[in-house]
Amino acid sequence: MAGSGKTTLLQRISAHLSASGKPGYIMNLDPAVSEVPYGANIDIRDTVNYKNVMKQYNLGPNGGILTSLNLFATRFDQVITLCEKKRTPQPEYIVADTPGQIEIFTWSASGAIITEAFASSFPTVIAFVIDTPRCAAPQTFMTNMLQACSILYKTKLPLLLVFNKVDVASHEFAVEWMRDYDAFSEALQKDTTYAATLSRSLSLVLEEFYENLESVGVSAATGEGMDQFFEKVQACRKEYEQQYLPELQRRQREKHETEVRRQAAELEKLKLDTQPQQQQGSAAEP
Ligand SMILES: Nc1nc2c(ncn2[C@@H]2O[C@H](COP(=O)(O)OP(=O)(O)OP(=O)(O)O)[C@@H](O)[C@H]2O)c(=O)[nH]1
């Protein structure tokens with residue numbers, strides 16, 4: 001979500017990878033950001049000028065971001081080619097920062113094109129960054145979980161909940177709320193509003209979702225929890241290989257078979273269309 005610390009975390013990830021001797025391949029996909037505090041290998045702003053897009057298409061800020069991202073997505077095959085290029089040292093991670101307005105990325109055609117392009121070329125993991133101090137209120141916590149759930153639902157990719165800013169507030173309460181429905185319900189006890197009742201019911205529904213989620217507490221500001229972050233990313237990578245990849249290969253096989261069937265049907269149609277002409281042609285021969 002906006003302000004959760006995505007850019008600061010990316011800066012931290014980049015520094016962590018550089019310190020390990022294997023710099024990451026870093027990408028900025030936010031066309032509206034004024035400055036990025038890390039050295040980006042690919043920056044959407046080098047390709048699309050968001051302010052010009054707003055002017056040219058007579059759009060507001062969100063429309064401008066969305067259209068810039070759509071324009072960029074049309075060239076994403078070139079981005080993937082750049083990512084696949086051999087380098088020394090070979091980066092182990094490609095990390096992408098997304099626009100702050102979550103819905104622009106997750107619910108747009110370009111967001112789908114970009115995530116699918118990554119996911120069909122590399123093991124891909126979504127890191128959902130959460131402002132931990134801000135989600136100490138049970139209903140804000142629930143709003144974050146519903147957003148995470150909708151991203152998981154949309155992308156079907158392994159998702160890691162990254163509780164950021166643990167230098168300000170520990171994320172222990174959030175882990176407890178995910179593990180123990182009663183603890184979450186107790187936190188809502190004094191609240192008798194409709195929203196609190198809804199949150200309680202949703203928490204029950206989300207129990208299964210929580211069970212299959214990896215989570216970690218980090219501080220992008222101090223670097224706390226970064227080793228655990230990378231361990232969790234590796235766990236998510238396994239999930240990608242065991243669950244997402246077979247499903248992706250099945251979809252690709254299905255697509256290929258449909259294409260083969262379509263081509264065979266076209267060929268058959270062509271044969272039928274040309275048959276009477278051949279017969280006509282041979283009848284006309286002396
Ligand atoms: N205390 C603390 N502050 C942090 C941490 N990470 C980020 N911040 C602060 O949170 C604010 C937002 O951080 P950004 O990295 O710009 O957040 P973002 O999610 O990229 O923001 P948008 O792109 O605008 O959505 C800044 O003031 C950061 O300094 C952290 O781990 N601890």
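Counting convention: from 1, in listed order, for ligands and their atoms alike. Sequential numbering from 1 along the given sequence is applied to the chain's residues.
- For Arg134, there are no salt bridge (Lys or Arg N to Asp or Glu O under 4.0 Å) partners at least two apart in sequence or on another chain.
- In this structure, the ring of His16 has its center less than 6.0 angstrom from the ring center of Phe230.
- Near ligand 1, residues Met1, Ala2, Gly3, Ser4, Gly5, Lys6, Thr7, Thr8, Gly100, Asn164, Lys165, Asp167, Val168, Ser219, Ala220, Ala221 come within 4.0 angstrom through at least one heavy atom.
- The backbone N or O of Asn28 lies less than 3.5 Å from no partner atom in the side chain of Asp97, so there is not a single donor-acceptor pair.
- Counting only N and O atoms by type, the side chains of Asn70 and Ser110 include a donor and acceptor under 3.5 Å apart.
- Between Lys255 and Glu259 there is no salt bridge, since no side-chain nitrogen of the basic residue lies less than 4.0 Å from a carboxylate oxygen of the acidic one.
- The backbone N or O of Ala220 sits less than 3.5 Å from a side-chain atom of Asn164, completing a donor-acceptor pair.
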